[in-house]
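Let me begin by presenting the structure, written as structure tokens, before commenting on it.
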Amino acid sequence: MSEIETIESEEQLVARAQRALSSCNWEIGECASQWTSRHAKGRGDADFGALIGLSGDQIFQRRRVWETFADVYKNYPNLKWSHFYVVINWDDAAECLAWANEMEATVAEMKAWRRAQHGDDLSEPAVEEDDLIASPEYLSAAVGMVQDPSQFERISRENYDEDAPFATASERVETALSAARGSTNSDYAPFGKGARGPAPGEGKADRSELSPEQVVKKACSVLERTVASLTPEVLEGFSELPIVLQQRLLDAVENLQARTAGLA
């Protein structure tokens, strides 16, 4: 009897491809870091990139993410490589990653949450160029071939959630300097682990130690995201969901009402 072929849905295929790409980015970063410390002999990211068919920028991006988060990224199982790439220059990276991991948030949602924590008006454009992102450099299947970024259209950061590297104009200036820095010092590590903040299990305060303000902020973020996701289409299809899931939502709403009854 022949085996029945399992046909994956579009969502399953995309999710599997994203996991593969994320794993690929981490592995390339690890290899680049080890090559730099052990075998570079005055060479830099551009030289290693030439050996495997990637640009110096692509190597630099992956190497610096690896060198910053290698020992903690597995503590965030719900996040992709792109989450870590985005937060690498943030002074509140640990807090943002922890929230995104807990909420299983996309990169765009994590960025919006961070803006909200800083008191930004989310109805206004971000100070940085959040409406457009520089064209990402995709990995090519052919060794030595990297697609010209000019071939890609600018896309909305809100709709972009691929696990591929991207950079603002200022970041590209930074990465353009990486080859020169790497060629003069093979031990160069641009972003130390101390800059990222504590990861889960590294002395971060647990929930019981959060202040009332912190707890309320977290609750507001969760509730606001939930309300926004309960669109008319979702509510219309509620009756078709499994009874257990329906009851779970109703119980959660009832418990929230009971817990907050004395606040008004």
Side-chain angles (χ1 to χ4, degrees), residues 15-107 110-111 114 136-139 161-168 171-172 174-175 177-179 181-205:
R16 184 154 65 91
Q18 288 177 334
R19 288 194 299 270
L21 181 56
S22 181
S23 175
C24 173
N25 285 330
W26 286 114
E27 189 165 359
I28 291 175
E30 179 183 10
C31 292
S33 179
Q34 293 184 8
W35 178 87
T36 299
S37 62
R38 300 175 184 174
H39 309 293
K41 297 179 181 178
R43 293 173 292 174
D45 293 324
D47 298 295
F48 184 71
L51 295 174
I52 67 173
L54 298 179
S55 70
D57 278 1
Q58 289 175 319
I59 296 300
F60 176 72
Q61 292 163 354
R62 289 158 178 78
R63 180 172 63 82
R64 69 172 185 164
V65 171
W66 172 263
E67 291 175 343
T68 306
F69 297 108
D71 59 334
V72 298
Y73 78 93
K74 291 183 179 179
N75 295 336
Y76 304 93
N78 297 319
L79 304 185
K80 299 196 290 274
W81 181 88
S82 54
H83 287 83
F84 297 90
Y85 177 77
V86 165
V87 307
I88 199 165
N89 291 323
W90 293 359
D91 57 5
D92 54 354
E95 182 181 0
C96 294
L97 290 173
W99 177 86
N101 183 66
E102 181 180 356
M103 302 278 58
E104 299 185 18
T106 65
V107 170
M110 180 178 68
K111 291 173 66 65
R114 182 177 187 253
E137 293 178 304
Y138 290 92
L139 298 181
D161 190 36
E162 294 186 50
D163 203 13
F166 51 82
T168 62
E171 289 171 331
R172 287 197 169 274
E174 174 188 32
T175 56
L177 298 175
S178 64
R181 294 184 297 200
S183 63
T184 57
N185 184 356
S186 61
D187 295 327
Y188 175 71
F191 298 92
K193 296 175 182 177
R196 70 182 180 218
E202 288 191 334
K204 184 179 178 64

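Given the structure is predicted, the values throughout are model-derived calculations rather than measurements.
Side chains of W81 and C24 form no contact here, defined as non-hydrogen atoms less than 4.5 Å apart. Between W35 and D47 there is a side-chain heavy-atom pair separated by less than 4.5 Å.
The CG atom of L51 lies 6.5 Å from the CZ atom of R43; values are rounded to the nearest 0.5 Å. Taking CZ from R64 and OH from Y85, the interatomic distance works out to 5.0 Å, rounded to the nearest 0.5 Å. Distance check, rounded to the nearest 0.5 Å: OG of S23 to CD1 of I28 gives 9.5 Å. Rounding to the nearest 0.5 Å gives a distance of 15.0 Å between CZ of R63 and CG of N25. Atom-to-atom distance recorded for E102:CD and N78:CG is 10.0 Å, nearest 0.5 angstrom. The distance from the OG atom of S55 to the CD atom of Q61 is 7.0 Å, given to the nearest 0.5 Å.
Here A100 pairs with L79, H83, A105, M110 under the side-chain contact (heavy atoms from CB on, under 4.5 Å) rule; sequence neighbours left out. With sequence neighbours excluded, the residues satisfying side-chain hydrogen bond (donor to acceptor under 3.5 Å, both in side chains) with E30 are Q34. Take F84 and apply the ring pair (Phe, Tyr, Trp, His ring centres under 6.0 Å) test, not counting sequence neighbours, and it matches W26, F69, Y76.
Nearest heavy-atom pair, G49 versus I59, reported as atom, atom and distance to 0.1 Å: CA-CG1, 3.5 Å.
Here the side chain of T36 pairs a donor or acceptor atom with the backbone of A32 at under 3.5 angstrom. Side-chain atoms of R114 never come within 3.5 Å of backbone atoms of K111 as a donor-acceptor pair (strictly under, hydrogens ignored).
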